[in-house]
Amino acid sequence: MSPEHGVAAATALTNFVFPNDIHVHWSLMIVLYPYITGIVAGAFIVSSLYHVFHIESLKPVSRYALVFALAFVAFATAPLLNHLGHPERAMSMMFTPSATSAMAGFGYIYSAYTVVLILEILFIYRPTLVALKKTSTGFMRTLYTILTLGSDNVSEKSLALDHKIIAFLAAIGIPMACTLHGYVGFIFGGVKANPMWATPLMPVIFLLSASVSGIAGIIFSYVLIKTFTGKFIDMDCVRTLIKFLWGCFILDFVFEMLELFSHAYMATHHWEALRDLYFGPLYGTFWIAQVGVFSVIPFVVLGILSLVRLPDGVVKFFGSLMSLMILVQVLLMRWNVVIGGQLMSKSERGHTIFRPEWFEKEGIFVSIIIMLLPIVFLFILSKVFPFWLEDDPAAKEQSA
Amino acid sequence: MMDVIGKEISKDRRAFIKNVLGGTIAGSLLLVIPAGAMDLGNIPEQITGMRDDTGTFISKKRKFGFIVDITRCIGCGSCCVADKNEYQVPDGMYRTWVERYVIDDEDNVYVDSPNGGLDGYQEPRKDIPHPVRDTFFVPKLCNMCEHPSCVQVCPVGATFQTEDGFVLIDAKRCVACGYCVQACPYSARFINPKTKTADKCTWCYHRVRKGLLPACVNVCPVQARKFGDLNDKESEVYKILHQPHVVSILKPGMGNKPSLHYVGLRREVV
């Protein structure tokens, strides 16, 4: 077969979509689901860097990161439930699961992880909650009584035991957080019928992008909250976070590109269809947005911020701006994987189109609401769990 | 506003007339059709050995096979019409469809399946720039895989495999997560907007259990669709698969081992 012949054939091939592939079944909700779980896993890793790996400079955000993770994990299943045709049967996945289903496994991993996260928060905050209980009345007092599990014992011996439990929970929490999001990647990576998804690199890419989205979420929200509340921003902490963000993003971006490069290099019979997808309907959202703008710019700027000693104001501004860009990059990556993978028909002869509507069950408006819910919940949590050590009565007592 | 009210009234009126007419026709039929006419024993068995003298289903080990002979298909769309009628398939969703392949002198392959071939292919394609050297039709349906991806991924076990090799969906259990839709290499599945559950071709399991052929096989005017028990050495499907025919399956690399076979399958077909 001559090259000209091949090109002619390829051009003519891009014309047929299987009739059932015209409709994109996994919509915006399934874009948000890995996005939210990724933020959860990443935020948890930030907390563990202090609690397990003792990176002292991250102490100011170590507790906040956990509460941040809790706010998002609480709504990780919201898009899934909205997506299901029969959400009233959702619990069947837990009670009568099919052992061979990758999706059924997620329910258990998610639940187990959530339990570990809640326990860790309760143990870390226990002295704080006990102190707050003493000074509060009415509903809040009852709430703190429940959250302290009825124990007011903050003796040295008791706190030492707490510390052991915290270290243990954080230690098992890391592999669990990694499993949580690696597993989300596997849910996609295990679909052999879809050549874009079916790569063993998928869990790796999902996990790395989860880490960057979580770290970016912490930097952005930390600087934002502290700025708006007029409180002290620990720049040493921000600088360390930026370094971790850059490091994780190097791995993330490189693996994302390597994954595509592997497809191109191996050039199996799927490649023609994948190339048409990446350079066709995904050109704008993948090459221009995800790679060109939201990967290359943060990659360079975060590198400069990590390697060059710049004034605090510059680091604060560009650090949070780049974090916001990374958050967009990861959202774009979820879009390009989830929606992109479905645009290519399994006929491998053409692609369909997908345009989300503003006001539909799984539309843009509902997506915005779902993304706002964790933020609202985080605000409510802030009234119960003080994010910062300077607001913590127990920490004040200790220092006094 | 008045328009809306008017529409509602006329809708109700139409529904009323429909119900009255439906009831009248059904009632008259009861009078016309002699009692016992619906008795299964009187409908000739199309798949032999499926029921005993009393019309009861005989339970024994069977392995059903479906064969599509693409050298016979004329693209009339009768199978698609029969299927849509049998299951009231919503528009835009397809339990079965027919693809038209056109190959020109330059070896370019053109495939289409407007409305899933439901309207038949009555006009030739006019957008082929070179002389056409070959054209054929490929009916598609559920492949009833021996190793079905849909069964593997279903989180609640709503998609399952029967002992005789059918892959079916329990609509009372399906949560409509859509994982099976993604996992099927043949795009045979969809989410039915009416039932809000996964849906697909069943090879007319309800008919087969009564010794009747699947609706599409029944109506095919050129016997391009064949169905039967592969454990029955007298069945046509057994003979075709055990004689020197050019028989193949779709996407063998997927490892799903489909029970749907194609006679005269061409390499251009995906």
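Below, chain A is the first sequence line, B the second, and so on; all start at residue 1.
Residues of residues 189-200 of chain A lying under 4.5 angstrom from chain B, judged on non-hydrogen atoms, are A/V191, A/K192, A/A193, A/W197 by number.
Within a 6.0 Å sphere centred on CZ of A/F255, other residues, nucleotides and ligands contribute 12 heavy atoms or fewer. Around OH of A/Y108, the count of heavy atoms belonging to other residues, nucleotides or ligands within 6.0 Å exceeds 12. Within a 6.0 Å radius of NZ in B/K194, other residues, nucleotides and ligands contribute more than 12 heavy atoms.
For a residue to count as touching a neighbouring chain, one of its non-hydrogen atoms must lie under 4.5 Å from one of that chain's; by this rule B/E99 touches chain A with the side chain only. Of the atoms belonging to B/A198, not a single heavy atom falls under 4.5 Å from chain A. With a 4.5 angstrom heavy-atom cutoff, A/I187 touches chain B via backbone and side-chain atoms both. Of the atoms belonging to B/S187, heavy atoms from both backbone and side chain fall under 4.5 Å from chain A. Contacts of B/Y186 with chain A are made by backbone atoms alone, with heavy-atom separations under 4.5 Å and no side-chain atom involved.
In terms of heavy-atom pairs under 4.5 angstrom with chain A, the leader among B/G253, B/G178, B/C177 is B/C177. The residue among B/N256, B/D104, B/N115, B/V151 with the most heavy atom pairs within less than 4.5 Å of chain A is B/N256. When each of B/K140, B/K196, B/R189 is checked for heavy-atom pairs under 4.5 Å with chain A, B/K196 comes out on top. When each of B/P114, B/C174, B/G157, B/G92 is scored by its heavy-atom pairs under 4.5 Å with chain A, the top score falls to B/C174. With respect to chain B, the highest number of heavy-atom pairs below 4.5 Å among A/E88, A/M93, A/M94, A/H23 belongs to A/M93.
At least one side-chain heavy atom of B/F190 sits less than 4.5 Å from a side-chain heavy atom of A/H25. A/M103 is not listed as a side-chain neighbour of B/V153, based on a closest heavy-atom distance of 4.5 Å or more. Between B/K172 and A/H86 there is no side-chain heavy-atom pair separated by less than 4.5 Å. Annotation: side chain of B/W97 is in contact with side chain of A/N20 (closest heavy-atom distance under 4.5 Å). Side-chain contact between B/Y94 and A/F18 is absent, with no heavy atoms from C-beta onward closer than 4.5 Å. Residues B/P155 and A/S98 are not in side-chain contact: their nearest non-hydrogen atoms beyond the backbone lie 4.5 Å or more apart.
Nearest heavy-atom pair, A/K346 versus B/Q182, reported as atom, atom and distance to 0.1 Å: NZ-O, 3.0 Å. The two residues B/C154 and A/S101 come nearest to each other via the heavy atoms O-CB, 3.2 Å. Residue B/V109 comes nearest to A/R349 through the heavy atom pair CG1-NH2, 3.6 Å, listed as atom of the first residue, atom of the second, then distance. Annotation for A/P19 and B/G116: closest pair CG-CA, 4.3 Å, computed over non-hydrogen atoms.
Separation of atoms OH (B/Y179) and CH2 (A/W26) is listed at 5.5 Å; rounding is to 0.5 Å. A/S92 OG to B/R173 CZ: the interatomic distance, rounded to the nearest 0.5 Å, is 6.0 Å. A/R89 contributes atom CZ, which lies 7.5 Å from atom OG1 of B/T197 (distance to the nearest 0.5 angstrom). We find the SG-CG distance between B/C184 and A/D21 to be 9.0 Å, quoted to the nearest 0.5 Å.
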